[in-house]
Structure formats: C-alpha cells, structure tokens
Amino acid sequence: MLKTIKVLTYNIRHGLGMDKRVSLERIAWIILSTQVHLCGLQEVDKHNPRSALIHQAKELARLCGMYYAFGGNVKAGPIAYGNAVLSSFPIVSYRNYPLPGTGEKRGLLGAEIKANGKRISFFTTHLGLNAEQRLEQAGRIREITDSSRGQVILTGDFNEEKKGPAVKLLLKDKSLINCLPNKGSVYTYPSIEADKHIDFIMAAKHCKVRSAKVIQSLASDHLPYLVELRL
C-alpha cells in the first residue's frame, strides 16, 4: 500500500537550458533520478518549431515510462504551449480549465489519478505576470480545488513569492498547506544563483511533508522542486 508519494514541480522553459540548448533528455533525467510519482510541468511545447515540433509531454512520458496529460493554453493551429502532468499511476481523466486574465492565456490542468486505491486530484498551473490577474486566477483555482474529491495536490509556477496575495488566497483557511522543508529556504528562480521562491507545491491539509528540496540544474531557468508527502 502506498504511504508516501513524491511530487515534483518544474517550469521546464520548453527544455531550453541556460546554455541556450533545448534538451528534453536533461529534463527526463531529472525526473527519472528523483524516482518521482507525480510531476507538474509548466512551459511545455507541442509541435512548436523552436523545440523541433516535438509533443514534449508525450515524449517526456515516453522517456520516463510515465502516463501524461497536456493542457494547451496558447494555441496557433497545431502548435500549443501550456502545462503538463506526468504520473507513474494511470490517469483516470483530466481537464484543462481556462483561467481569467488578459494577455497570455493561462490555465489549470487537473488530472484524476488512482494510486493504490487512493484518489488524487492533481493540478498544475502557471499564473500570470500581473498581480491583480494572479489574484483573480487564484480565486478561480480555489473554486476548483475546493470542489474536488480525493486528496488535492496543487503545483505550479505562481510568479510571486509566498507573501504574495495569490499565494495567500490559495492557502487561506488552511484548506491547502504550503509544502516546505523543516529547515532552510526554498529558492527556485533563477536557476543560476536562485533567490526567489515562486514555484510551489501545495497539498490537502491532512497530508504531511516528509521531505522537501530544490534540485540544482541548469536545464531550465527555473529549478525543480521535489516534495515527499505522507498521504
């Protein structure tokens, strides 16, 4: 019976590393090396010329031996750009929820997952650059997560730090907890000399954080953040 689960959130910047080279293999290696169960990925391409027309979520799933779901928010014909979920457990269903705001379209990708008899509602998102819009987007996310069944886990690049209004709204009433290490700080951006915590993993309040750490890598401009939860 599954007692703990490893969760990763990672803005992969379509695999563009700090050396200006696009490599999904480097992203896949990080995922495989962590032996993670669930991944929330942001800035994922589908059939985009800048990333060799690859369906990146599908290819990462193949490289890692995982199931996947993709939610495209910015679309132009066959080209799409958005969020993805990778899971070592079968994905029962998934849905991409559009989020409010102007400018670049944003979304919340939700996947229903059955893990050894446990139902997990797993979400990933990438909030906007404008503080007012982020707050509105967070309000919509709360509506969705509050009405979800099973154990809720929310991941993403929130584009603001833990004292930001959108983050505070998501944690309001303690329906979700911010998954943090017992000691030390969490800095996920930029990947070189990181000094900002803008990538988050949140979980239902009855979950317990067993461990949490930032993984050092130059495969993107963000650092991956890994948490082990006791369900």
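Since this is a predicted model, take the numbers as computed values, not measurements.
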* R106/E104 salt bridge by N-O under 4.0 Å criterion -> yes
* Output all residues satisfying side chain to side chain contact (heavy atoms under 4.5 Å, CB included) with K75, sequence neighbours left out; order by chain, then residue number. => A80
* Structure fact -> Closest heavy-atom pair, G101 versus Q137, reported as atoms and distance to 0.1 Å, is CA-NE2, 4.5 Å
* Quiz item: cation-pi between R95 and F123, 6.0 Å / 45° -> no
* Asked: How far does NE2 of H126 sit from CD1 of I198, to the nearest 0.5 angstrom?
  -> 7.0 Å
* Structure fact -> With sequence neighbours left out, the residues meeting ring pair (Phe, Tyr, Trp, His ring centres under 6.0 Å) with Y189 are H222
* Asked: Does the side chain of P190 come within less than 4.5 Å of D195's, by heavy atoms?
  -> yes
* Kindly compute the distance separating CZ (F158) from CD1 (I141), expressed to the nearest 0.5 Å. => 6.5 Å
* Asked: CG of D157 to OG1 of T124: how many Å apart, nearest 0.5 Å?
  -> 9.0 Å
* Could you go step by step and tell me if N96 and N73 meet the side chain to side chain donor-acceptor pair (under 3.5 Å) rule? -> CA-CA 8 Å; N96 194 41; N73 300 311; 2.9 Å; yes
* Closest heavy-atom pair and its distance - G15, R26 -> O-NH2, 4.3 Å
* **F89 vs K114 side-chain heavy atoms within contact, under 4.5 Å** => no
* To do: Calculate, to the nearest 0.5 Å, the distance between atoms CG and OG1 belonging to N11 and T188 respectively.
  => 9.0 Å
* To do: Locate the shortest heavy-atom distance separating L127 from A166; write the atom from each residue and the value.
  => CD1-CB, 4.2 Å
* pair V186-P181: side-chain heavy atoms closer than 4.5 Å -> yes
* Side-chain ion pair, K196 and E161, N-O less than 4.0 Å -> no
* With side chains defined as the heavy atoms from C-beta onward, is the minimum distance between I192 and L218 less than 4.5 Å? -> yes
